[in-house]
Novice: 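Take this structure, written in structure tokens, and hold onto it; I'll ask about it next.
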Amino acid sequence: MSGISLKGRNFLTLKDFTPEEIGYLLDLAASLKAKKKAGIPGTSLKGKNIALIFEKTSTRTRCAFTVGCKDEGGYPEYLGANDIQLGSKETIEDTARVLGRMFDGIEYRGFEHEKVEKLAEYAGVPVWNGLTDEYHPTQILADFLTLQEVFGHLKGLHLVFIGDGRNNMANSLMIGSGKMGLHITIIAPKQLWPKVDLVELCKGYAAESGGSVTITDEVEAVAGADAIYTDVWCSMGEEDKAAERIALLQDYQVNEELMKKSGKDSTIFMHCLPAVRGKEVTNEVIEGAKSVVFDEAENRLHTIKAVMVATLGEENE
Ligand code: CP
Ligand code: NVA
């Protein structure tokens, strides 16, 4: 396709990928999507066994890895939080080496990002991050494929993330936007701003790509947005923070009034899902004509499949 090969690589955060490599994954995802729509079965994961470790719950990510793997002829094995010894009866290092002897690739969803890094260090096979407390990189590929489908390009788009500005989605959107030349604005109360060192890193990416990174607590900064993105106010593992977050974020809800503040009729609404209607977004907006949330959800399949095919597949298509 392009001379780019990601064979054997881990997929832990988009920090590890060049803009060309991210573009390559998006192109591959688009072509795998077209292939599936045309009813052409894939074979590039034939004979490959993949482990799906989920220490947190999942609908989209789990199903995308499962169906994506099966679509390309592989075998996926789901390993839930209570199914294996990881981290309780057995160290990550030992589990990684055992799974690496039996499986050709490992997906991991959990809490501390260091765990997926350790898994990758010891497994000896590609490890894919299916979400950690810090990052959610496969979601960004789906979101960017969706943006490309809607607008025809990524560079120069104005993306606003509003809500919990220090969660995995805000972090990963900022990294992806910096790499791919989008203008990203994170709107959040100061207590929920992303870490300064990550913001600086992403500003460095943006300086290279022609994008920009802005952090503010002003809701009015939504002006000019091509896409308004939000996520739950309490991520998995933070359920005890509900009252505190509602108090902090109630003025940051995406509702019709906020959508209008973009000043553009074309502004779309995005959410990684699952959503809490009535909290971070109103039912009216998420069900409205500008909402692309189910396109994003479908694109999880095509983009996650692209990650598996690119890093593990016999052929890249
Ligand atoms: N967006 C997302 O990761 O959804 P799940 O938690 O259902 O996998
Ligand atoms: N920030 C959310 C994303 C879910 C896909 C969480 O971590 O729960």
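Computed over heavy atoms, backbone and side chain alike; hydrogens, waters and symmetry mates excluded. Both counts, for ligands and for their atoms, begin at 1 and track the order of listing.
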Novice: Which of the atoms of ligand 2 are close to M236, meaning less than 4.0 Å from one of its heavy atoms?
Specialist: 6 (C), 7 (O), 8 (O)
Novice: List every atom of ligand 2 that sits less than 4.0 Å from any heavy atom of L273, numbering the atoms from 1 in the order shown and giving each element.
Specialist: 5 (C)
Novice: Just go through R60, H271, R109 and tell me whose heavy atom is the nearest to atom 6 (O) of ligand 1.
Specialist: R109
Novice: Could you measure the distance from the CG atom of L173 to the CD1 atom of I186? Nearest 0.5 Å is fine.
Specialist: 7.0 Å
Novice: Using distance alone, determine whether L273 and ligand 1 share an N or O pair under 3.5 Å.
Specialist: yes
Novice: Under a 4.0 angstrom heavy-atom cut-off, which atoms of ligand 2 come close to N167?
Specialist: 1 (N)
Novice: Could you find the nearest protein heavy atom to atom 3 (O) of ligand 1 and give me its residue, atom name and distance?
Specialist: H136 NE2, 2.8 Å
Novice: Of all the non-hydrogen atoms in the protein, which one sits nearest to atom 7 (O) of ligand 1, and at what distance?
Specialist: T59 N, 2.7 Å
Novice: Just to verify, which of R166, R109, K56, K115 counts as forming a salt bridge (charged side-chain N to carboxylate O under 4.0 Å, His left out) with D133?
Specialist: K56
Novice: Which heavy atom of the protein is the closest neighbour of atom 2 (C) of ligand 1, given with residue, atom name and distance?
Specialist: R300 NH1, 3.2 Å
Novice: Can you find a non-hydrogen atom of D164 under 4.0 Å from ligand 2?
Specialist: no
Novice: Can you tell me which portion of Q139 lies within the under-4.0 Å heavy-atom range of ligand 1? Options are side chain, backbone, both, or neither.
Specialist: side chain
